[in-house]
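My questions will all concern the structure given below.
If you read the sequence from its start, that first residue is 1, and numbering goes on from there. No hydrogens, no waters, no symmetry mates; every other heavy atom, side chains included, goes into these values.
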Amino acid sequence: MAKFGRAAVGHMMAHYRREGDVPELRANIDASRTRNNYSIRMYARGGRNEAGIVPGRGMATAETVAARVAAVEEKSGRKVRKDAVVLADLVVTLPRDVRDGDDKRFFKECVEYMAGLVGMDNIVGAYVHMDEKTPHVHIAWTPVVTKPNGKPSFSYKSMMTRGKYRALHKELAKRVEGKLGYPVEIELSEDRQKEKVLSSVPQDKLDAARAAIEAEYVQPALDKRDEIEAECARAAERLESLQEEARLVEEEIEGLDLRGEEIKSRIGRIEEERRGVEEEADREGRAARERAEKLERKLEEVEGRGAECREAIERNKELERRARKRTAFLEKWISRFKRAIKAVGERIEAVRDGIASRKEEIRRERDRASFPQRLERARRAAAMAGMPLAVPLPDDPETAIWIDGEGQVYERYGEWNGSRGTSAAADMAQARSAASRIAQSRQAPQRGRGRGL
């Protein structure tokens, strides 16, 4: 997405329409394929807006935008500011996974989506370029909005809000997938973004830049790489030692697990024996009660047999007492075994906590070993982006330091004015010192602190 003032409109229209002599915009154009370019316009058909193919350069020119500026000034009664954004441009590159023959459908869906996002009346034109390295469409539009008082005004910021811009890739991908019947890669990967940026730079400038970079940075970087590799090797040895220690602890846990299974098995056998004793006592009790009932019936028949019946009743009581005593004995041992299992479980949990702590220590060792490499990658990315980037700390991922393209390290976002930076990132000791100070301070995030660029 790009924004342009009135001074750049003619320049961009010349690029869209392949008119005039604009060397910096024609460096990557294959003139033999320019005849394959075409335009896309929006039409109102059957109560809905649709995009249609227009052969050649299309109808919109710099005068089209000038006329819209004049119309806004007339309706609003105010002059449009000289520095106002009067033209915006969305470039959508044809994804590599769009199937053959679906390119025009893809570009039309992009134009229809943008018309729905910014308003059909704001679409100036859409220009498909097939004569550059990768086919793409320029969707040009004027950011005209209607103010609460009903008057028009140019306001790119209020039309293309941060929320709309963030949702653009996702919503466009969803729309295209629904129309084409298969998903396509709308948002470029990091490598594709680099490739796209480099494709617009002339080859002689790239060669000169590479030569300067190799002379000034490559050899020191190689020396630093050797130093980092040696440090990583030492860290790898430490990691291997910690992994061996962790393996021994895991073996100990496996042994404890086996003992726990054995104790559970013994408890199971005791439970079965207890159930067997209870069933036996129940059977004996039932038999005793049956005998007592028979004796009682005999007492009714023969009073002289009363002594025998009382003796049988006493035997029955003795059997019940013995059964209760044996059951109490078994329940006592079951309680002991349960306490033993609980103690073993607590020991297992303690060992597992130790392993988790040891694994976390191993992870921190690994993160600290890779921290210099992450700083160097962030420095290269900051050099390409032209602004400092954040690098989370290995011991505190919620806290970050900032590094710019020159290798300067800062404690907070927005402090790269020369007053708070440390020495170059090549001095890894100072970089770690800055990281340590931030981790120890544990300060709350400051207002205005970046959230990742």
Side-chain angles (χ1 to χ4, degrees), residues 235-368 394-398 442:
E237 292 178 359
R238 173 61 178 162
L239 178 60
E240 184 177 353
S241 174
L242 292 173
Q243 288 175 340
E244 177 63 21
E245 188 173 349
R247 186 186 62 80
L248 295 176
V249 173
E250 288 177 353
E251 290 180 354
E252 181 181 352
I253 286 180
E254 290 177 359
L256 292 174
D257 287 340
L258 291 175
R259 289 183 58 190
E261 292 296 330
E262 181 181 351
I263 292 173
K264 289 180 180 179
S265 178
R266 292 179 61 186
I267 289 176
R269 291 195 297 270
I270 292 173
E271 287 284 353
E272 290 180 359
E273 183 177 351
R274 182 183 65 80
R275 286 193 296 270
V277 170
E278 289 177 349
E279 291 175 357
E280 181 181 354
D282 186 54
R283 288 194 299 271
E284 291 181 357
R286 287 198 301 270
R289 284 191 294 273
E290 291 175 357
R291 288 195 298 270
E293 290 173 358
K294 290 180 180 179
L295 289 174
E296 288 176 356
R297 287 195 298 270
K298 288 184 178 180
L299 279 173
E300 294 177 357
E301 297 174 359
V302 184
E303 292 183 356
R305 302 288 298 275
E308 182 179 352
C309 291
R310 285 191 295 273
E311 182 179 350
I313 292 172
E314 289 298 327
R315 284 200 304 271
N316 179 47
K317 291 180 179 180
E318 177 64 20
L319 288 173
E320 290 182 352
R321 185 187 64 78
R322 288 169 57 189
R324 286 194 297 270
K325 183 176 180 181
R326 189 169 183 182
T327 300
F329 173 78
L330 292 174
E331 288 177 349
K332 180 178 71 175
W333 277 101
I334 288 171
S335 177
R336 289 182 180 179
F337 278 118
K338 286 182 178 179
R339 289 195 296 272
I341 288 175
K342 182 179 179 181
V344 171
E346 293 174 352
R347 171 60 178 162
I348 291 173
E349 289 299 322
V351 173
R352 284 177 177 163
D353 291 342
I355 289 175
S357 176
R358 190 61 54 81
K359 287 182 177 179
E360 179 63 20
E361 181 182 351
I362 292 171
R363 183 191 66 76
R364 289 196 297 270
E365 290 284 348
R366 183 174 64 250
D367 289 346
R368 283 193 286 270
D395 295 327
D396 187 3
E398 295 183 358
R442 301 289 183 179

Quiz prompt | R352 vs E349, salt bridge (Lys or Arg N to Asp or Glu O under 4.0 Å): CA-CA, chis, key distance, verdict | solution = CA-CA 5 Å; R352 284 177 177 163; E349 289 299 322; 3.6 Å; yes

Practice problem: Output the distance between atom CD1 (I341) and atom CD1 (I267), rounded to the nearest 0.5 Å. | Solution: 2.5 Å

Self-check item: Pairing residues for E271 by the side chain to side chain donor-acceptor pair (under 3.5 Å) criterion, not counting sequence neighbours
Solution: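 E271 satisfies side chain to side chain donor-acceptor pair (under 3.5 Å) with R274 only.
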
Practice problem: Nearest 0.5 Å please: distance from the CZ atom of R266 over to the CD1 atom of I334. | Solution: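 Between atom CZ of R266 and atom CD1 of I334 there are 12.5 Å.
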
Quiz prompt | For R275, side chain to side chain donor-acceptor pair (under 3.5 Å) partners two or more places apart | solution =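 For R275, no residue satisfies side chain to side chain donor-acceptor pair (under 3.5 Å) once neighbours in sequence are set aside.
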
Practice problem: Please name all residues satisfying salt bridge (charged side-chain N to carboxylate O under 4.0 Å, His left out) with E272, sequence neighbours left out, ordered by chain then number. | Solution: none

Exercise. Could you list the residues that satisfy side-chain contact (heavy atoms from CB on, under 4.5 Å) with V351, not counting sequence neighbours?
Key: V249, I253, L256, R347, I355

Exercise. Any salt bridge (charged side-chain N to carboxylate O under 4.0 Å, His left out) involving residues 321-345? Give me the pairs, sequence neighbours left out, ordered by first then second residue.
Key: E318-R321

Quiz item: Any donor and acceptor pair, going by atom type alone, linking the side chain of T327 with main-chain N or O of A323 inside 3.5 Å?
Solution: yes

Which pairs would a plain distance check flag for residues 285-292, meaning a side-chain donor or acceptor within less than 3.5 Å of a matching protein atom at least two apart in sequence or in another chain?
{"from": "R286", "atom 1": "NH1", "to": "D282", "atom 2": "OD2", "distance (Å)": "2.0"}

Exercise. Kindly assign one of parallel, tilted or perpendicular to the pair F337 and W333, based on the angle between their ring planes and the thresholds 30° and 60°.
Key: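 Ring orientation, 0 to 90° scale: tilted.
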
